[in-house]
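Reading through the structure tokens given below for one structure.
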Amino acid sequence: MSSEVQSLEVSYFLQMTEDEEKVRRAVASLVGGGLSEERQEAEGHFGNRIVWIRCRATGGEAETALKAIVPRIEEAERRSILGELSAFLDEHSALYIRLSKQVLVMSGSGVLASSDPIRIRVKPRPHVVRGDPAGLYARLLGVRA
């Protein structure tokens, strides 16, 4: 059986004041490790270095990474996502989750956040999402109705 997830992308910004290795280890632990990294460096308003990092997986590797992420997010947070699902989906039914980078680094937990997040984008295979994104994401997030 093929994966229900077409791709998964994890991205975040690193400021020069952050411990890059700590953040990278926390993200690798979150996704189960092994995803290749793409980096882009920029200069901030005051000349500080900012690095944008993106990790991407497709097919079975994407679904495996999602299965590593889901248990790190408290069930109440997962229920919140499903309860407001339209706020977390784009026009193609891709799911966008923002987790607190600080909480992930400090405790390893996935807590929803809008400020300085680890961004997770889950793109489903088109044929599995037709008409019922709520059912698909309830299954993928392990939340029972």
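- Closest approach of Glu77 and Ile73 over heavy atoms only: CB-CG2, 3.5 Å.
- Under the 4.5 Å side-chain criterion, counting only non-hydrogen atoms from C-beta, Lys22 is not in contact with Met106.
- Between the OG1 atom in Thr17 and the CG atom in Asn48 there is a gap of 8.0 Å [rounded to 0.5 Å].
- Expressed to the nearest 0.5 Å, how far CD1 of Ile50 lies from NE2 of His45 amounts to 11.0 Å.
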Are Leu89 and Tyr96 close enough, and set up right, to give a side-chain contact (heavy atoms from CB on, under 4.5 Å), and what steps lead you there?
CA-CA 6 Å; Leu89 296 179; Tyr96 289 80; over 6 Å; no
Please set out all donor-acceptor pairs under 3.5 angstrom arising from side-chain atoms of residues 63-70, sequence neighbours excluded.
{"unit_1": "Glu63", "atom_1": "OE1", "unit_2": "Ser3", "atom_2": "OG", "d": "2.5"}
{"unit_1": "Glu63", "atom_1": "OE1", "unit_2": "Glu4", "atom_2": "N", "d": "2.8"}
{"unit_1": "Thr64", "atom_1": "OG1", "unit_2": "Gly60", "atom_2": "O", "d": "2.9"}

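- Every pair passing salt bridge (charged side-chain N to carboxylate O under 4.0 Å, His left out) that includes a residue from residues 111-127 is listed here, sequence neighbours excluded: Lys101-Asp116.
- What you find for Leu99 and Ala113 is that their closest heavy atoms are C-CB, 4.1 Å.
- In terms of modelled atom types and a separation under 3.5 Å, the side chain of Tyr12 and the main chain of Val27 share no donor-acceptor contact.
- The minimum heavy-atom distance linking Ser109 with Val103 is given by the pair O-CG1, 3.7 Å.
- Of all non-hydrogen atoms in Ser11 and Trp52, the two that sit nearest each other are CB-NE1, 3.8 Å.
- Separating the CD atom in Glu37 from the CD1 atom in Ile53 is a distance of 4.5 Å, to the nearest 0.5 Å.
- With contacts defined as side-chain heavy-atom distances shorter than 4.5 Å, the pair Ile81/Ile97 qualifies.
- To the nearest 0.5 Å, atom CD1 of residue Ile118 and atom CZ of residue Phe13 are 11.5 Å apart.
- We find that Glu75 and Arg79 are joined by a salt bridge, their nearest charged nitrogen and carboxylate oxygen being less than 4.0 Å apart.
- A distance of 11.0 Å separates CD of Glu9 from CD1 of Ile120, quoted to the nearest 0.5 Å.
- Partners of Glu41 according to the salt bridge (charged side-chain N to carboxylate O under 4.0 Å, His left out) rule, which considers only residues two or more places apart in sequence or in another chain, are Arg39, Arg49.
- Interatomic distance, Ser114 OG to Arg98 CZ, rounded to the nearest 0.5 Å: 7.0 Å.
- Closest approach of Arg56 and Ser7 over heavy atoms only: NH1-CB, 3.1 Å.
- Hydrophobic clustering (side-chain heavy atoms under 4.5 Å, transitive across Ile, Leu, Val, Met, Phe, Trp, Tyr) groups Val51 together with Val23.
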Go through the steps to decide whether Leu8 and Glu61 satisfy the test side-chain contact (heavy atoms from CB on, under 4.5 Å), and finish with yes or no.
CA-CA 9 Å; Leu8 181 132; Glu61 186 181 29; over 6 Å; no
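- Taking the side chain as every heavy atom from C-beta outward, Leu85 and Leu95 approach each other to under 4.5 Å.
- In terms of heavy-atom proximity, Gln6 sits nearest to Pro126 at OE1-CD, 3.4 Å.
- Proximity of Leu82 to Tyr137: side-chain heavy atoms (C-beta onward) are separated by under 4.5 Å at one or more points.
- Taking the side chain as every heavy atom from C-beta outward, Glu74 and Val111 never approach each other to under 4.5 Å.
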